[in-house]
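Any value given below was found using the heavy atoms of this structure, including those in side chains, with hydrogens, waters and symmetry copies removed.
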Amino acid sequence: MNMGDSLKMSVLLDELPETIYNAWLSSEKHSEFTGGEAIIDPQVNGKFTAWDGYIEGTTLELQPYSKIVQAWRTTEFPENSRDSKLELDFELVGTQTKLILIQSEIPEGQAEEYKQGWIDYYFEPMQKYFSSVK
C-alpha cells in the first residue's frame with residue numbers, strides 16, 4: 001500500500017519557540033499570520049480549520065513549545081484518501097526559532113504543490129509577522 005508522498009522543510013523565525021508554538025494553536029494569531037481565517041481548538045483531539053476552511057484536521061500530540069503533531073488535509077485531497085500527518089518541531093537557535101515541518105502521507109503527486117504552499121502561505125508570512133510583532 002502506498003503511504004503517499006512526504007516532505008521536510010524548515011524556516012528560521014525571529015521569535016522564541018513558545019511564542020510561535022502558541023500562535024500556531026491560536027485561532028486569532030494563526031489567522032493573523034496567514035491572512036486566512038483559522039478556527040482552532042488548541043488541545044489534543046481538538047479540531048481545527050485554517051485558510052478559510054481549505055485546511056482541516058485534528059491535533060494528535062502536543063509537547064509544549066517543542067512539538068505539534070496534527071492529522072491534516074485540504075479540500076484538494078481525494079475523498080477516499082486518509083489525512084496526512086503534519087509534525088512541527090520548534091528548536092531554539094540563538095534568539096530565533098527553527099521551525100521544522102515534516103509532512104507525510106500526502107496524496108501521491110501533491111507534495112510539490114504543498115511544499116510551495118507552505119513557503120507562500122506560511123513560512124514567508126510568518127517571517128514577516130514575527131519580525132514585525134516586536
- CG of Asp83 to CD1 of Ile106: how many Å apart, nearest 0.5 Å? 12.5 Å
- Atom of Leu7, atom of Ala111 and distance for their closest heavy-atom approach: CD2-O, 3.2 Å
- Flag yes if Phe130 and Tyr121 sit in one hydrophobic cluster, no otherwise; membership is Ile, Leu, Val, Met, Phe, Trp, Tyr, and two members link when side-chain heavy atoms are under 4.5 Å apart. yes
- Beyond-backbone contact of Leu86 with Trp118, side-chain heavy atoms, under 4.5 angstrom: yes
- Task: Find out if a path of hydrophobic residues (ILVMFWY) with successive side-chain heavy-atom gaps under 4.5 Å connects Leu60 to Phe48.
- Result: no
- Query: Transitively linked via ILVMFWY side-chain contacts under 4.5 Å: Ile20 with Ile102?
  - Reply: no
- Task: Could you tell me the separation between the CD atom of Glu15 and the CZ atom of Phe90, rounded to the nearest 0.5 Å?
- Result: 12.0 Å
- Message: Parallel, tilted or perpendicular, judged at 30° and 60°: which one describes the rings of Phe33 and Trp24?
- Response: tilted
- Message: Show the nearest heavy-atom pair for residues Pro42 and Ile40, with the distance to one decimal.
- Response: CD-O, 3.3 Å
- Find out whether Ile68 and Leu25 are in side-chain contact, i.e. whether some heavy atom of one side chain is under 4.5 Å from a heavy atom of the other. yes
- With side chains defined as the heavy atoms from C-beta onward, is the minimum distance between Tyr129 and Lys29 less than 4.5 Å? yes
- Query: If you count the non-hydrogen atoms of other residues, nucleotides and ligands that lie under 6.0 Å from CZ in Phe77, is the total more than 12?
  - Reply: yes
- How about Gln43 and Asp41: does a side-chain donor come under 3.5 Å of a side-chain acceptor? yes
- Query: Roughly how far apart are Ile55 CD1 and Gln70 CD, rounded to 0.5 Å?
  - Reply: 9.5 Å
- Query: Does the side chain of Ser84 pick up a donor-acceptor pair with the side chain of Glu105 at under 3.5 Å?
  - Reply: no
- State whether the number of non-hydrogen atoms from other residues, nucleotides or ligands found under 6.0 Å of Lys67 atom NZ is greater than 12. yes
- Message: So, taking the atom named CD1 in Ile39 and the one named OG in Ser27, what distance separates them when rounded to the nearest 0.5 Å?
- Response: 7.0 Å
- Message: Testing the 3.5 Å rule here: is there a donor-acceptor pair between the side chains of Gln103 and Tyr114?
- Response: no
- Item | CD-OG distance between Glu37 and Ser31, expressed to the nearest 0.5 angstrom | 6.0 Å
- Taking atom types as modelled, is there a side-chain donor on Ser104 or Lys85 under 3.5 Å from an acceptor on the other? no
- Say whether Tyr54 and Glu76, considering side chains only, have a donor N or O and an acceptor N or O under 3.5 Å apart. yes
- Answer yes or no: is there a side-chain heavy-atom contact under 4.5 Å between Leu101 and Glu87? no
- Message: Are Trp72 and Ile100 linked, directly or through intermediate hydrophobic residues, by side-chain heavy-atom contacts shorter than 4.5 Å (ILVMFWY only)?
- Response: no
- Message: Using 30° and 60° as the class boundaries, would you call the ring planes of Tyr21 and Tyr65 parallel, tilted or perpendicular?
- Response: perpendicular
- Within a strict 4.5 Å, meaning less than it, do heavy atoms of the Tyr122 and Met9 side chains meet? no
- Message: Is the shortest side-chain heavy-atom distance between Arg73 and Ser81 below 4.5 Å?
- Response: yes
- Message: Under 4.5 Å between side-chain heavy atoms, counting indirect links through other Ile/Leu/Val/Met/Phe/Trp/Tyr residues: same cluster for Val44 and Leu88 or not?
- Response: yes
- Note on the structure: Rounded to the nearest 0.5 angstrom, the NZ-CD distance for Lys128 and Glu124 is 6.0 Å
- Message: Is the shortest side-chain heavy-atom distance between Asp14 and Gln127 below 4.5 Å?
- Response: no
- Query: What is the minimum heavy-atom distance between Thr75 and Gly53, and which atoms define it?
  - Reply: CG2-O, 3.8 Å
- Does any donor atom in the side chain of Glu61 or Gln63 lie under 3.5 Å from an acceptor atom in the other side chain? yes
- Message: Is the shortest side-chain heavy-atom distance between Asp89 and Leu99 below 4.5 Å?
- Response: no
- Sequence neighbours left out, what passes salt bridge (Lys or Arg N to Asp or Glu O under 4.0 Å) with Lys8? Give chain and number order. none
